[in-house]
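One structure is given below, encoded as structure tokens.
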Amino acid sequence: MAQEQLYACAKLLDLEDDVVRMLENPMQQVQVSVPVKMDDGTTNVFQGFRVMYNNVLGPAKGGIRFHPEETVDTVRALAAWMTWKCALLDLPLGGGKGGIICNTKELSEGELERLSRSYIDRIWKFIGPDVDVLAPDVYTTPQIMVWMMDEYSKLSGKNQFGVLTGKPIIAGGSAGRGDATAMGGMYTIREASKELGIDLSKTTIAIQGFGNVGSSVATLSQEFFGATVVAVSDSKGGVYNPDGLNIQEVIKHKAETKSVINAPNTQTITNNEVLELDVDIIIPAALENAITKDNAGNIKAKILAELANGPTTPEADEILYNNGVHVIPDFLCNAGGVTASYFEMVQNMYMYYWTAEEVYERLDKKMTKAYHEVLYASKNHNVNMRMGAYAVAVTRVVDAMKLRGWI
Ligand code: GLU
């Protein structure tokens with residue numbers, strides 16, 4: 001998918017073959033075996049990856065996923081998207097991504113800590129505050145970030161807060177980082193609704209995914225937009241109430257039962273049905289490949305805000321474009337997370353910390369500017385918003401590679 005999108009962009013921008021050769025594969029890909037002493041005394045060996053896709057604009061940047069179905073191919077695609085995301089937001093950062101094949105639901109707290117530390121033991125030579133900076137992603141938490149930062153600091157003999165972002169505030173984190181991905185997405189939805197003439201206080205929203213990002217955007221869109229969230233889902237399925245969900249109740253129910261299903265005053269629906277509801281805005285906030293050629297035609301929403309990475313396949317993109325659905329593409333919509341991560345890096349370097357208000361104000365400026373650059377590019381080239389975003393981001397990366405003499 002990532003390569004297909006890049007080739008389409010290369011065609012649009014008329015990029016030379018050598019440029020495409022430099023961008024179609026990652027610069028570096030590390031695979032490590034990660035041994036972990038389990039609670040029962042046996043040793044398990046997990047497979048871990050860290051991909052640096054491109055670092056022409058600065059140190060690579062991107063999250064770490066802990067997922068049972070992780071593959072190096074997925075990590076590679078996600079690292080490519082991080083490259084375009086950082087370039088699009090005009091951050092002095094390249095793109096990277098990592099992952100470990102594991103099921104966090106089957107690991108004890110102690111095993112999770114040893115896994116996190118062991119992974120760093122294996123990859124520490126390939127990362128660092130000015131080399132490649134890690135962050136949370138699917139099933140990785142601020143606590144996991146602290147274990148990893150602590151391990152890296154021990155190995156390098158000094159405190160190295162800047163080796164990763166998304167840390168808790170007391171351990172070198174930034175105010176506002178926890179909600180930043182959702183908040184950034186909200187700014188882009190606000191801009192899109194102005195463009196489409198939609199009154200956000202009258203909109204209905206359905207959200208696929210109820211992790212950090214999904215639950216946060218559910219709360220914020222009611223709080224700030226006054227919108228009505230009618231459906232949310234997690235990996236086990238979804239809940240729906242046409243009159244609006246009580247999000248705090250759903251959060252509480254999920255904390256108690258590990259799923260949103262059967263939250264009070266809701267009816268159960270499937271993960272796919274969430275996306276096909278007759279609502280104004282749908283927000284995929286889970287995993288890749290949620291919207292394919294099989295369900296894209298059934299989408300009724302006016303705005304599709306991609307808070308997940310890679311939720312829409314290229315075939316689905318075409319169907320959505322022809323049906324007039326306004327897609328806010330992933331590496332624009334969910335860029336609030338990495339933008340606040342960049343702010344966290346800056347604060348770590350300065351050892352001077354900002355308030356949440358300062359973080360959000362700067363975040364809003366960056367997201368709003370990027371949104372309008374993408375909108376302008378898509379109109380200018382007469383392409384969908386995703387290709388507009390590619391045009392802006394790839395041009396910046398290519399310009400820097402040419403200036404540095406890489407091509
Ligand atoms: N994992 C997030 C993303 O996909 C954040 C990455 C970061 O902060 O480095 O954008």
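Being a predicted model, the structure only gives us computed values, none of them experimental. For ligands, and for the atoms within them, numbers begin at 1 and follow the listed sequence.
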Write 'none' if nothing qualifies; otherwise put on separate lines each N/O atom of ligand 1 with a protein N/O atom under 3.5 Å away and their distance to 0.1 Å.
| from | atom 1 | to | atom 2 | distance (Å) |
| --- | --- | --- | --- | --- |
| ligand 1 | 1 (N) | Pro136 | O | 3.0 |
| ligand 1 | 1 (N) | Asp137 | OD2 | 2.7 |
| ligand 1 | 4 (O) | Lys85 | NZ | 3.1 |
| ligand 1 | 4 (O) | Lys97 | NZ | 3.0 |
| ligand 1 | 4 (O) | Asp137 | OD2 | 3.4 |
| ligand 1 | 4 (O) | Asn309 | ND2 | 3.1 |
| ligand 1 | 8 (O) | Arg177 | NH2 | 3.2 |
| ligand 1 | 8 (O) | Ser341 | OG | 2.5 |
| ligand 1 | 9 (O) | Lys61 | NZ | 2.7 |
| ligand 1 | 10 (O) | Lys85 | NZ | 2.6 |

message: Please check: side-chain N/O of Asn289 versus main-chain N/O of Thr312, any donor-acceptor pairing under 3.5 Å?
response: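 No: the side chain of Asn289 does not pair with the backbone of Thr312.
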Pairing donors with acceptors under 3.5 angstrom, does anything connect the side chains of [X] and [Y]?
X      : Y      : value
Tyr7   : Glu24  : yes
Thr228 : Gln222 : no
Asn271 : Lys236 : no

message: If the test is side-chain contact (heavy atoms from CB on, under 4.5 Å), which one of Asp121, Leu134, Ile127 qualifies with Tyr152?
response: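 The residue from Asp121, Leu134, Ile127 that satisfies side-chain contact (heavy atoms from CB on, under 4.5 Å) with Tyr152 turns out to be Ile127.
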field: Any Thr339 side-chain heavy atom under 4.5 Å of Leu91 side chain
entry: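 Counting from C-beta outward, Thr339 and Leu91 do come under 4.5 Å.
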